[in-house]
Amino acid sequence: MEEVLKKISENLIKGNAPAVEELVASALKEGIAPKAIMDNALVTGMAVVGNKFKNNELFLPEVMIAARAMKAGLKILEPVLRKSNAELKGTLVLGTVRGDLHDVGKNMVSMMFRGAGFEVIDLGIDVPDEVFVEKIREHCPEVVGLSALLSTTLPAMKSTVEAINAAGLHEQTIIMVGGAPVTKEFANEIGADGWAPDAASAVEQAAALLKERTLEADR
Ligand code: B1M
């Protein structure tokens, strides 16, 4: 691993947000690809934090500080990714479902969609079903993205999909779901259109589903 990527990872694990911000900026200046910085420094650092948390080597406050450092790094990467894709491909309404406060992964999904040319309406965390429904009505997005990180909030994801169906809004939008406990089988079971294991594949999957829909409409 390049030295600067290793340093970003180490500082993220320590929760040193200013250092992460500075190092991400200098990695970009060195010409390292934004995706490499994301995958080989930020995500790898956060994975170490996750494992340490699981093994009781780190506790909640330290995890929160590491998450803040991750966000500081993402903030620097986002405009760079966005600049490379100016053409608007559609709108994404995105949020972490009710009861769930995790937003690092969701923010990465937001960033990748923005980078791919989508306008992203980010509803934040702990989003109730009715807010998803209201915002879909308001923005008529091509894609709706639901994120969940807790096995205990999977039922909230199911109930959001049900609420979108009940409001008659599913025909006009593609529902994508993801997050660590969300499997492809679960996505099928709750009637989501797409599932992706990571932020980059979420964009690819949404683009493929949108293309499929356009072809169907043309037939
Ligand atoms: Co929490 N937490 N947490 N936590 N936390 C987990 C998720 C956990 C796995 C840790 C563990 O025990 N090993 C565990 C869940 C167990 C389970 O349910 N199976 C857990 C727990 C138990 C809890 C609390 C209950 C702890 C407590 O209070 N006792 C509590 C719950 C609070 C709540 O939500 N109501 C809690 C709180 C927190 C913090 C607030 C301290 C903090 C969140 C800060 C924040 O997000 N702003 C936190 C963190 C940071 C974690 C870990 C360590 C890291 C999560 C993360 O940011 N990962 C996590 C352990 C782990 O994941 N190893 C853990 C990095 C991120 C890049 O990955 O979010 O998975 P991820 O996103 C990925 C993919 O999942 C995917 O793309 C991203 C990568 O490209 N993806 C999508 C995500 N959304 C997608 C949507 C898509 C497509 C792909 O389409 C729309």
Side-chain angles (χ1 to χ4, degrees), residues 9 12-13 15 17 20 34-35 37-75 77-78 81 91-116 118 120-128 132 141-157 160-161 164 173-184 186-187 190 192-209:
S9 227
L12 186 145
I13 297 162
V20 169
K35 192 159 185 310
I37 301 173
M38 189 153 96
D39 291 347
N40 304 333
L42 297 175
V43 172
T44 42
M46 208 59 197
V48 173
V49 172
N51 282 332
K52 288 192 175 217
F53 183 48
K54 199 157 99 189
N55 300 329
N56 294 322
E57 291 167 49
L58 283 182
F59 299 97
L60 275 184
E62 292 151 307
V63 175
M64 286 177 88
I65 294 167
R68 209 183 302 151
M70 172 107 183
K71 281 186 194 174
L74 291 177
K75 196 178 82 193
L77 284 186
E78 180 165 6
L81 282 171
T91 302
L92 166 75
V93 163
L94 175 69
T96 302
V97 300
R98 178 169 27 89
D100 202 319
L101 307 179
H102 296 83
D103 68 355
V104 174
K106 173 203 49 86
N107 293 345
M108 288 175 67
V109 171
S110 163
M111 194 177 76
M112 293 307 290
F113 271 85
R114 284 201 173 107
F118 279 77
V120 178
I121 313 292
D122 190 340
L123 307 180
I125 52 174
D126 190 16
V127 182
F132 274 109
E142 282 77 7
V143 188
V144 174
L146 311 178
S147 180
L149 258 290
L150 297 171
S151 36
T152 50
T153 53
L154 291 178
M157 184 172 261
T160 304
V161 175
I164 297 169
T173 193
I174 282 164
I175 304 179
M176 290 282 311
V177 294
V182 183
T183 60
K184 198 172 181 191
F186 179 75
I190 64 173
D193 305 296
W195 164 87
D198 57 64
S201 332
V203 177
E204 286 167 14
Q205 170 78 211
L209 287 167

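For ligands, and for the atoms within them, numbers begin at 1 and follow the listed sequence.
Taking the side chain as every heavy atom from C-beta outward, Met176 and Val109 never approach each other to under 4.5 Å.
In this structure, OG1 on Thr153 lies 11.5 Å from CD1 on Ile125, to the nearest 0.5 angstrom. How far OG of Ser147 is from NE2 of His102: 9.5 Å, rounded to the nearest 0.5 Å. For the atom pair Leu149 CG and Lys106 NZ, the distance stands at 11.0 Å (nearest 0.5 Å).
Judged as a side chain to side chain contact (heavy atoms under 4.5 Å, CB included), and not counting sequence neighbours, the contacts of Thr183 are Glu185, Phe186.
In this structure, Thr91 contributes its side chain and Glu142 its backbone to no donor-acceptor pair below 3.5 Å.
For ligand 1, the 4.0 Å heavy-atom shell contains residues Met46, Gly50, Phe53, Lys54, Leu60, Val63, Met64, Ala67, Lys71, Gly99, Asp100, Leu101, His102, Asp103, Val104, Gly105, Met108, Val109, Gly145, Leu146, Ser147, Leu149, Leu150, Ser151, Met176, Val177, Gly178, Gly179, Ala180, Ala196, Pro197, Asp198, Ala199, Ala202.
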